[in-house]
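One structure is given below, encoded as structure tokens.
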2 protein chains.
Amino acid sequence: MLKLTKKADYGLMALKYLAERPETAALSAKDIADAYGIPAQLLAKILQQLTRKGLLKSHAGMNGGYALAKSAGSISAYEVILAIDGPFFITSCTKGANGCELTPSCTIKEPLARVNETIAGVLKSISIQDLAEHEHQPGHAPEPKLVTLTI
Amino acid sequence: MLKLTKKADYGLMALKYLAERPETAALSAKDIADAYGIPAQLLAKILQQLTRKGLLKSHAGMNGGYALAKSAGSISAYEVILAIDGPFFITSCTKGANGCELTPSCTIKEPLARVNETIAGVLKSISIQDLAEHEHQPGHAPEPKLVTLTI
DNA sequence: TCAGTATACGACCAATTATGTCCGTGTTCA
DNA sequence: TGAACACGGACATAATTGGTCGTATACTGA
């Protein structure tokens, strides 16, 4: 239904939380989970995934936890969603590079692939920093971004 | 995982199929389902939904079937998806107009709502006719469309 | 060195959603 | 009247998601 999974949501929230606290060396999964009231064990697994993908650094032991592996500005929402939910395609026929094994007729796929690219582009253009910086007064200059869609 | 349901896919395929055959008065669900190799009863239900939403006209009885209620150019992919899958939001916290009952902290929601609008805009800008016309030689002039995203 | 705190990871279960089928009813036309 | 169709509810099945549990491992500081 074209929506993010809760896992992806949680992941974005956690990264945003980390981005807002650059001074702290590391935050444990439990700290972040408590701050948002989400299941700690679930969040831990998500953060582990992000660590494996290189978006976070982890540190075990006391005062350990997770920290951003890169600057908040260089992590895109796209990367996060990709790391957590795997590659997404708007069309459901996505076996291999040349999908639709059964129906040779899925002629709708190609135009929608363009849409897919556009959406991916939008998500790539949003960084964790963008999310973290959003706590501003309404008058703050927004940054318009342009996305082109070619059918 | 940010993808369309098969139902939405089927719906778009069926509308495209109808749009490509403006001469025929009506096509039965079975005809269309056979053309694409998809379950006829399932497609029938989808077409019924589209009929209720006013995107199709139906005609019972022999030689009955479905036909576009409007011109292919005036039906957007957005309308179709909306009719089939209901309102979609990229964020999972979508209770009422002011979501996130449990977590007063879902600060990520608002920026993503802009993304949501952008995606909706992209889908609104694509008509069934765009899908149907796509069967062209590669040299055919594409129509670039611009979408603005403001974080 | 040892206790405490934390990540790492696989297995598992529960809940939800997506997908598809069945069956009965009503409508239209030849 | 009967065949071909739409309409719609109930149901069944499959897939995905969301969440838990248990255990192993790693690091820290006293």
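So that the names make sense, note that chain A is the first sequence line, chain B the second, and so on, each numbered from 1. These numbers come from a predicted model, not from an experiment.
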| Phosphate-side-chain proximity, B:H59 and D:dA4, N/O vs OP1/OP2 below 4.0 Å | no

| task | Using heavy atoms to find the nearest nucleotide of DNA chain D for A:L42 and B:L47 separately, return the residue whose nucleotide is more 5′. | result | B:L47

| request: Return yes when atom NZ of A:K53 has more than 12 non-hydrogen atoms of other residues, nucleotides or ligands closer than 6.0 Å, and no otherwise. | output: no

| message | Counting the atoms with a prime plus P, OP1 and OP2 as sugar-phosphate, which does A:A44 contact under 4.0 Å by heavy atoms, base, sugar-phosphate, or nothing? | response | nothing

| query | From the list D:dG8, C:dG20, C:dA8, which nucleotide is the closest neighbour of the side chain of A:Y66? | reply | C:dA8

| remark: Between NZ of A:K30 and C1' of C:dT5 the distance, given in whole Å, is 12 Å

| field | Out of C:dA8, D:dG19, D:dA6, whichever nucleotide has its closest atom nearest the side chain of A:Y10 | value | D:dG19

| query | What is the distance from NZ of A:K3 to C1' of D:dT16, rounded to the nearest Å? | reply | 12 Å

| task | Please figure out whether A:K7 or B:K45 has its closest DNA chain D nucleotide nearer the 5' end. | result | B:K45

| message | Given C:dT7, D:dA6, C:dC29, identify the nucleotide with an atom nearest to the side chain of B:M62. | response | C:dC29

| message | Under 3.5 Å, is there any donor-acceptor pair linking the side chain of B:Q41 to the base of D:dC7? | response | no

| said: Nearest whole Å is fine: how far is C:dC9 P from A:I46 CD1? | reply: 15 Å

| message | Measuring from atom CG of A:L50 to atom OG of A:S58, what distance do you get when rounded to the nearest 0.5 angstrom? | response | 11.0 Å

| request: Measure the spacing between CG of A:L43 and CD of A:Q48 and express it to the nearest 0.5 Å. | output: 9.5 Å

| Rounding to a whole Å, what distance do you find between A:Q48:CD and D:dA26:P? | 14 Å

| query | What's the spacing between A:K70 NZ and A:S127 OG if we round to 0.5 Å? | reply | 11.0 Å

| query | Are the charged groups of A:E117 and A:K124 less than 4.0 angstrom apart, N to O? | reply | no

| Under 4.0 angstrom between A:R52 side-chain N/O and C:dC9 OP1 or OP2 | yes

| request: Ignoring backbone atoms, test whether A:T51 places a side-chain nitrogen or oxygen under 4.0 Å from the OP1 or OP2 oxygen of C:dT7. | output: no

| field | Presence of B:T5 side-chain N/O under 4.0 Å of C:dT17 phosphate oxygens OP1/OP2 | value | no

| remark: From the candidates C:dC29, D:dG18, D:dC27, the one with an atom nearest any side-chain atom of A:A60 is D:dC27

